[in-house]
Amino acid sequence: MTVTAPATTAGHAPTPPLLTLGTPRLLAATTPEVPPRDRAWLVHAATDVRLLGRGGAAFPVARKLAAVPLGGRVLVNGGEGEPASFKDRALMRHQPDLVVAGIRLVAGALGSSAAPVVAVEDEPSAHALAAAAHRAGARLDVRLTHHGFVGGEVGALVNGLSGRAPRPNGRRVLPHDRGLDDAPTYASNVETFAQLALLSAMGPAGYASVGPAHEPGTSLVTVLGDAPAAGVVEVPHGVALRDLLGTDTRPVLVGGYHGAWTVPTGAVVGRADMRERGLGWGAGVLAVLPEDTCPVAEVARVTDWLARASAGQCGPCVFGLRAIADDLLALARGEAVDHERLRTRLGVTRGRGACHHPTGAVGFVASALGVFADDVSAHVHGSGCGRPDRGALPTGGAR
């Protein structure tokens with residue numbers, strides 16, 4: 001394993017250690033030459049390597065590229081409102097030349113006449129990208145935004161950048177139909193642009209030389225908690241989770257705060273494997289709680305943050321998530337809570353709302369109640385587990 005110790009940026013959250021399993025690509029010491037490609041080449045190459053977006057939806061990149069008309073806008077979602085994830089900020093802060101190369105590649109392939117827009121929520125990332133764009137002689141419109149967790153959903157982000165309230169749309173509106181300023185837009189997260197830069201530099205065969213045939217390449221993963229490789233890790237797909245986390249028999253949070261807790265025995269890194277298990281890779285987060293922290297308190301604190309992160313535009317978030325969070329906070333304090341009422345609240349909140357936020361939050365909570373059933377029982381029927389909340393799961397703060 002290769003370890004890089006990033007510098008701390010005064011006044012902002014320090015980047016976690018950067019690590020790689022195998023030969024680094026995204027985290028390589030030097031940026032490869034990225035030749036320009038037309039859209040047809042990019043679509044065919046992304047199809048050949050089955051490239052999936054590195055955001056929460058894992059949408060096929062080739063289909064998204066093909067859907068945007070030539071001349072369309074380019075939007076880079078660098079907000080990373082997920083508190084447990086740091087991978088996109090790590091790329092922007094420490095590999096900005098690769099990110100900018102990927103942005104220029106896509107803008108050139110689409111023949112976009114407007115400067116690509118990059119939405120960023122922290123100043124160190126914004127400054128690093130602006131400096132990289134200056135070195136490359138590239139036009140880049142870097143905008144500092146403060147839209148928050150739900151505001152980072154692509155529809156909400158487009159709304160905010162276009163002068164509307166940064167909230168998700170009540171119905172699905174795809175950016176390639178109506179994006180920035182109502183123009184067709186190719187929108188992806190930061191890591192996806194970096195992956196496209198690598199694909200152009202290496203070609204499909206070189207890109208696919210690592211990882212399984214059905215999902216070649218690598219991904220960045222933010223590993224939290226009680227794991228030997230805690231930090232932002234570049235991992236080839238197909239690596240066993242136990243080789244990354246040191247365990248696959250303890251509860252693991254897969255996908256972040258819209259993900260789920262599971263005991264992933266035999267699981268490997270990759271979106272396809274997780275999908276077969278009924279799990280989503282989400283924000284690329286894996287977390288193992290330390291043995292000396294209270295899982296009920298950790299989950300309650302995150303759920304309280306999720307309730308406060310609501311866009312506040314519909315009942316399931318405003319009332320449902322708040323009630324669920326209050327139940328969990330009371331449970332963590334050792335107070336009497338109607339456990340059946342809590343489960344009913346989870347059931348009536350799931351699948352409702354103007355966006356995925358209530359469903360994602362309910363999946364996080366419901367799966368935790370299952371894998372930490374013994375700890376939950378100790379809180380429901382007794383005075384609790386006796387362990388404090390060590391804060392292993394982050395809930396915001398300095399960026």
Side-chain angles (χ1 to χ4, degrees), residues 25-26 32 34-78 80 87-88 91-92 95 98-112 116-119 152-155 157-158 172 174-177 179-180 184-221 234-237 269-275 280-284:
R25 289 181 167 190
L26 293 165
V34 179
R37 307 287 189 178
D38 62 25
R39 182 174 63 167
W41 190 96
L42 277 183
V43 168
H44 288 134
T47 300
D48 286 347
V49 302
R50 300 173 175 82
L51 182 61
L52 299 176
R54 296 309 198 253
F59 195 81
V61 172
R63 287 171 55 190
K64 187 182 288 189
L65 282 168
V68 180
L70 291 176
R73 303 285 299 276
V74 175
L75 171 61
V76 185
N77 189 348
E80 199 168 34
K87 67 184 184 69
D88 281 358
L91 275 176
M92 290 186 286
Q95 302 293 90
L98 183 66
V99 175
V100 169
I103 298 169
R104 294 184 74 190
L105 171 72
V106 173
L110 293 177
S112 183
V117 174
V118 186
E153 185 269 337
V154 67
L157 181 61
V158 164
R172 192 181 187 198
L174 297 175
H176 66 252
D177 290 325
L180 289 170
T185 301
Y186 176 86
S188 283
N189 77 316
V190 167
E191 187 187 344
T192 304
F193 283 92
Q195 294 284 357
L196 283 166
L198 290 179
L199 178 59
S200 177
M202 305 175 74
Y207 186 94
S209 63
V210 168
H214 68 273
E215 192 178 358
T218 67
S219 283
L220 289 182
V221 183
E234 183 177 6
V235 189
H237 300 152
V269 172
R271 291 155 183 81
D273 181 79
M274 292 300 170
R275 191 180 301 118
W281 193 249

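By convention here, the first residue in the shown sequence is residue 1. Computed from a predicted structure; not experimentally measured.
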What one should report as the nearest heavy-atom pair of Val99 and Phe193 is O-CB, 4.4 Å
For Tyr207, what residues pass the ring pair (Phe, Tyr, Trp, His ring centres under 6.0 Å) criterion, not counting sequence neighbours?
-> none
Return the minimal non-hydrogen interatomic distance between Ala66 and Val43, and the atom names on each side.
-> N-CG2, 4.0 Å
Can you run down the ring pair (Phe, Tyr, Trp, His ring centres under 6.0 Å) pairs that involve residues 36-76, sequence neighbours left out, and say none if there aren't any?
-> none
Atom pairs and distances, donor-acceptor, side-chain atoms in residues 196-203, under 3.5 Å, two or more places apart:
unit_1, atom_1, unit_2, atom_2, d
Ser200, OG, Pro35, O, 2.7
Ser200, OG, Arg37, NE, 3.2

Partners meeting side chain to side chain donor-acceptor pair (under 3.5 Å) with Asn189 (sequence neighbours left out) | Asp88, Thr192
For Thr218 and Pro236, work out which heavy atoms get closest and say how close.
-> CG2-CA, 3.8 Å
Contacts satisfying salt bridge (Lys or Arg N to Asp or Glu O under 4.0 Å) that involve residues 185-208 (not counting sequence neighbours) are Arg54-Glu191, Lys87-Glu191
With His176 via side chain to side chain donor-acceptor pair (under 3.5 Å) - residues at least two apart | none
Taking only residues two or more places apart in sequence or in another chain, which ones pass salt bridge (charged side-chain N to carboxylate O under 4.0 Å, His left out) with Glu153?
-> none
Any residue meeting salt bridge (charged side-chain N to carboxylate O under 4.0 Å, His left out) with Arg271, in chain and number order, not counting sequence neighbours | Glu215
Side chain to side chain contact (heavy atoms under 4.5 Å, CB included) with Pro116: which residues, sequence neighbours excluded?
-> Val74, Ile103, Ala107, Leu140
Residue pairs fulfilling side chain to side chain donor-acceptor pair (under 3.5 Å) with at least one residue in residues 65-75, sequence neighbours excluded = Arg73-Asp181
Nearest atoms (heavy-atom pairs only) where Leu26 meets Ala194 = CD2-CB, 3.7 Å
Taking all atoms of both residues into account, what is the closest heavy-atom pair of Thr47 and Ala62, and its distance?
-> OG1-CB, 3.2 Å
Distance, nearest 0.5 Å, that separates CG of Leu52 from NE2 of His237 = 8.0 Å
Quick one: which residue pairs count as a salt bridge (Lys or Arg N to Asp or Glu O under 4.0 Å) with a foot in residues 38-47, not counting sequence neighbours?
-> none
Do the side chain of Thr185 and the main chain of Leu180 share a donor and acceptor less than 3.5 angstrom apart?
-> yes
Does any non-hydrogen side-chain atom of Pro216 lie less than 4.5 Å from one of Val210?
-> no
Side chain to side chain donor-acceptor pair (under 3.5 Å) partners of Arg25, counting only residues at least two apart | Ser209
For the side chain of Glu80 and the backbone of Gly152, is there at least one donor-acceptor N/O pair under 3.5 Å apart?
-> no
Smallest heavy-atom separation, Pro204 atom then Val49 atom, equals O-CG1, 3.6 Å
Short side-chain to backbone donor-acceptor contact, Lys64 and Tyr186, under 3.5 Å = no
